[in-house]
There are 2 protein chains.
Amino acid sequence: MKEHLHKISLFVKNLDNEVLSVVQTISTTKHVKKGEYLLRHDEVCRHSYWIEQGVLRKFYVHEGKEHTTELLFENDIAVSLASYSLQKPGREYIQAITEAVVSQTDFASFQTAKKVYPQLMELDLLMTEYHAVWLEKRLYEFHTLDATQRYKLLLQEHPHILHTVPLTYIASYLGISLETLSRIRAKI
Amino acid sequence: MKEHLHKISLFVKNLDNEVLSVVQTISTTKHVKKGEYLLRHDEVCRHSYWIEQGVLRKFYVHEGKEHTTELLFENDIAVSLASYSLQKPGREYIQAITEAVVSQTDFASFQTAKKVYPQLMELDLLMTEYHAVWLEKRLYEFHTLDATQRYKLLLQEHPHILHTVPLTYIASYLGISLETLSRIRAKI
DNA sequence: CGCGGCATTTGACCTGCATCAAATAATCAG
DNA sequence: CTGATTATTTGATGCAGGTCAAATGCCGCG
């Protein structure tokens with residue numbers, strides 16, 4: 001995962017100034033309050049959000065229960081891909097779980113810009129590849145690690161997570177009940 | 001998922017002939033025998049395989065046990081993304097589970113072609129988006145459906161699967177033991 | 001300071017699926 | 001056709017993690 005991120009940031013570093021300024025033009029900075037939603041179930045995801053500050057989560061509701069699919073931190077990109085890529089309503093919510101600052105990019109504008117600047121098409125590809133590989137990793141972890149191992153790994157990858165993310169969301173992200181998470185924490 | 005595939009095939013239909021012929025040039029047809037491997041653990045995935053005929057599977061081995069991550073049919077593309085996108089060794093195997101015919105495209109050549117023909121870059125993006133959305137769907141199903149429901153859904157989406165794919169691989173793909181699959185089938 | 005409301009823990013019990021072992025059934029070479 | 005081999009089923013048992021309920025801790029606030 002590290003290598004992928006490195007490849008992307010290298011690519012961004014080498015972008016032409018013209019391209020960078022175009023991206024600037026079609027993006028706007030947005031301040032969001034804790035608890036605020038950037039996307040709701042059944043809405044079309046018309047923006048991608050580059051997180052400058054704060055923590056967001058992505059989740060869906062199934063049988064009255066929230067399932068957290070992603071926890072998003074600084075420099076992550078929040079977008080509901082299924083909805084975004086086809087511009088049709090999706091099932092996911094995107095919510096700020098702390099005060100946050102995001103750079104919002106409009107889907108349509110970015111689409112147009114990509115046609116004019118192939119570099120942006122390539123960047124989009126790189127980021128989508130990264131997302132796909134991340135999803136594969138997540139599936140892999142669910143199939144090869146038990147709850148305790150997944151919790152430990154999460155702490156390792158995000159040492160500060162306990163300060164910013166409530167245990168409910170962590171449990172949900174790990175795919176376990178709050179009670180089980182509590183027992184895991186008691187044990188360690 | 002259907003819409004995504006439709007979008008992709010529409011895009012391919014509208015590709016310039018020049019671009020199509022370039023793709024032809026950098027691809028070669030390959031006949032693979034049942035059981036044959038197109039990729040092994042720790043190898044770099046240097047090709048993508050467009051399946052013209054037959055069935056393949058993608059899997060990895062963890063603690064001596066095979067985990068099937070994908071079952072691939074006609075018109076699917078077999079590639080180990082984590083390995084392919086960074087051209088580094090990966091954990092996955094790709095194996096033919098029936099006699100098969102695939103069109104093999106070289107990574108490096110495709111990379112070059114994409115730079116020359118932005119349409120190919122766009123196509124790659126569309127396919128990668130599709131793959132990512134498919135992975136999200138798979139995660140969703142693991143978290144919201146029990147083993148029986150997943151089995152039924154698989155049959156619904158691939159009615160002929162029982163003819164071509166041994167139960168071992170189906171169980172492994174569903175993330176359950178062979179015994180559990182057998183009990184599910186007895187019950188229905 | 002004490003109270004109401006939320007977050008977290010603890011306990012008792014349950015269930016889906018894994019594992020191990022053994023019995024059948026299907027397949028195939030000779 | 002027959003015995004060996006592999007695929008599938010059936011049975012017995014165990015366990016990770018779920019659910020429900022109750023207890024405890026932790027505020028902010030009047």
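These numbers come from the heavy atoms of this one structure, side chains and all, not from hydrogens, waters or symmetry mates.
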Open item on the list: Looking at every heavy atom in both B:V79 and B:H47, which two are closest together, and how far apart are they?
Closed with: CG2-O, 3.9 Å
TODO: Could you pull out all residues at least two apart from A:R91 that satisfy side chain to side chain contact (heavy atoms under 4.5 Å, CB included)?
DONE: A:H41, A:Y60, B:Y140
- [ ] On DNA chain D, check which nucleotide each of A:D146 and B:L178 is closest to and give me the residue with the more 5' one.
- [x] B:L178
TODO: Grab the NE2-P distance between B:H62 and C:dA18 for me, whole Å please.
DONE: 15 Å
TODO: Output the single nucleotide from C:dT10, D:dT9, C:dA18 whose closest atom is nearest the side chain of B:L167.
DONE: D:dT9
Task: Close side-chain approach of B:L71 to B:T164, heavy-atom, < 4.5 Å - done: no
Open item on the list: Expressed as a whole number of angstroms, how long is the span from B:L162:CG to D:dT9:P?
Closed with: 10 Å
Task: Gap between atoms CG and C1', on A:L181 and D:dG18 respectively (whole Å) - done: 14 Å
Open item on the list: Just the rounded figure in Å: distance from C1' of C:dA18 to CG of B:L174.
Closed with: 15 Å
Task: Spacing of A:I184 atom CD1 relative to C:dT8 atom P, expressed in whole Å - done: 15 Å
- [ ] Confirm from the modelled atom types if B:R183 and D:dG11 form a donor-acceptor pair under 3.5 Å, side chain to base only.
- [x] yes
Open item on the list: Could you work out, with side chain to side chain contact (heavy atoms under 4.5 Å, CB included) as the rule, every residue matching B:E70, not counting sequence neighbours?
Closed with: B:K58, B:L72, B:H131, B:W134
TODO: Calculate the interatomic distance between B:H143 atom NE2 and D:dG17 atom P; express it in whole Å.
DONE: 13 Å
Task: Nucleotide nearest B:T180 (side chain, heavy atoms from C-beta), chosen from C:dT10, C:dA18, D:dT9 - done: C:dA18
Task: Interatomic distance where OH belongs to B:Y151 and C1' belongs to D:dT8 [whole Å] - done: 12 Å
Task: Distance in angstrom units between B:F142 CZ and C:dC17 P, rounded - done: 11 Å
TODO: Scan A:K65 against the nucleic acid and name what it touches under 4.0 Å (heavy atoms): base, sugar-phosphate only, or nothing.
DONE: sugar-phosphate
Open item on the list: Ignoring hydrogens and geometry beyond distance, is the side chain of B:E179 in donor-acceptor contact with the base of C:dC17 at under 3.5 Å?
Closed with: no
Open item on the list: Ring-plane angle category for B:F59 and B:Y93, please: parallel below 30°, perpendicular beyond 60°, tilted otherwise.
Closed with: parallel
Open item on the list: Of the options D:dG17, D:dT9, C:dT10, whose atoms approach the side-chain atoms of A:A186 most closely?
Closed with: C:dT10
